[in-house]
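Take a look at the structure below.
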Amino acid sequence: MNDKRKDYITWDEYFMAVAKLAGMRSKDPNSQVGACIVSADNKILSMGYNGFPMGCSDDEFPWGRDDEDPLKTKYVYVTHSELNAILNYRGGSLEGAKLYVSLFPCNECAKAIIQAGIKTVIYDSDKYDGTPAVMASKMMFQAAGVQFKKYTPTDRKIEITV
Ligand SMILES: O=c1ccn([C@H]2C[C@H](O)[C@@H](COP(=O)(O)O)O2)c(=O)[nH]1
Ligand SMILES: [Zn+2]
């Protein structure tokens with residue numbers, strides 16, 4: 001019994017699972033998004049999920065998507081997972097880091113990702129592909145030399161009992 005285990009999870013499975021675990025903290029009833037920032041040598045640097053800013057109560061601010069008054073929707077208040085992950089990092093530079101995220105970043109997150117120096121984005125869902133926000137993200141990533149690649153699902157079930 002000197003051989004190592006063979007069924008350990010890959011780096012990609014690990015970091016995407018961590019991103020999705022972070023997303024499970026989200027109170028958004030429609031889309032729970034998680035992000036995990038990783039160094040070039042595979043150390044986790046930061047995590048985030050979509051939620052309201054500190055001091056803005058999850059129970060008082062609205063979670064709805066549609067209202068003729070934009071102030072009664074979540075969109076004007078929610079901080080996106082990627083931005084939270086960037087802002088949660090306290091260690092200095094994210095230059096050259098990788099970002100694992102469960103949903104393709106919107107244009108506002110793309111700007112923050114580029115400006116933070118993140119060079120690779122690995123995403124799972126691309127459910128808003130073709131929308132202006134995602135089209136703008138893809139254009140900006142291409143112009144800025146940020147690689148984006150779809151996570152290849154392995155269908156591995158990762159079960160954790162807590
Ligand atoms: O780049 C992104 C884009 C969106 N999100 C968050 C913001 C919202 O909480 C949801 C999207 O809600 P829908 O009901 O699917 O419109 O996702 C994010 O974290 N990062
Ligand atoms: Zn965003």
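We count ligands from 1, going down the list as the structure has it; atoms in each ligand are counted the same way. As a basis for the values below, the full set of heavy atoms in this structure was taken, side chains included, without hydrogen atoms, waters or symmetry mates. Computed from a predicted structure; not experimentally measured.
Counting only heavy atoms of the protein, atom 10 (C) of ligand 1 lies nearest to D28 OD2, 3.6 Å. With hydrogens left out, the protein atom closest to atom 20 (N) of ligand 1 is E82 OE1, 2.8 Å, a heavy atom. Atom 19 (O) of ligand 1 has as its closest protein heavy atom S81 N, 3.0 Å. For atom 11 (C) of ligand 1, the closest heavy atom belonging to the protein is S31 CB, 3.8 Å. Among protein heavy atoms, the minimum distance from atom 6 (C) of ligand 1 is reached at N50 ND2, 3.6 Å. Counting protein heavy atoms only, atom 17 (O) of ligand 1 is closest to V33 CG2, 3.4 Å.
Proximity of a side-chain donor or acceptor of S26 to a complementary backbone N or O of N50 within less than 3.5 Å is detected.
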- Apply ring pair (Phe, Tyr, Trp, His ring centres under 6.0 Å) to W63 and F52, showing your working. CA-CA 10 Å; W63 282 113; F52 295 141; 4.1 Å; yes
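In this structure, of K27, K74, E108, H80, the residue bringing a heavy atom nearest to atom 2 (C) of ligand 1 is H80.
Taking a 6.0 Å sphere around NZ of K72, one finds it holds 12 or fewer heavy atoms contributed by other residues, nucleotides or ligands. Surrounding OH of Y14 are at most 12 heavy atoms belonging to other residues, nucleotides or ligands under 6.0 Å away.
The distance criterion of under 3.5 Å between nitrogen or oxygen atoms is not met by L103 with respect to ligand 1.
Under a 4.0 Å criterion applied to the non-hydrogen atoms of N30, ligand 1 contributes the atoms 13 (P), 14 (O), 15 (O). The contact set between ligand 1 and P105, taken as ligand atoms under 4.0 Å from a residue heavy atom, comprises 1 (O).
I122 and I158 fall within a single hydrophobic cluster, where Ile, Leu, Val, Met, Phe, Trp and Tyr side chains are chained together by heavy-atom contacts under 4.5 Å.
The ND1 atom of H80 and the SG atom of C109 meet at the Zn ion (ligand 2) at an angle of about 110°, given to 10°.
When non-hydrogen atoms are compared, ligand 1 lies under 4.0 Å from the side chain of C109 (C-beta onward) but not from its backbone. Heavy atoms of Y75 found under 4.0 angstrom from ligand 1 belong exclusively to the side chain.
Under a 4.0 angstrom heavy-atom cut-off, Y128 registers as being in contact with ligand 1.
Between K74 and D28 there is a salt bridge, with a side-chain nitrogen of the basic residue lying less than 4.0 Å from a carboxylate oxygen of the acidic one. The pair D7-R156 does not count as a salt bridge, with every side-chain nitrogen at least 4.0 angstrom from each carboxylate oxygen.
Side-chain contact between I113 and M140: absent, with no pair of heavy atoms (C-beta onward) separated by less than 4.5 Å. Within the 4.5 Å cutoff, the side chain of Y151 has no heavy atoms near those of the S102 side chain.
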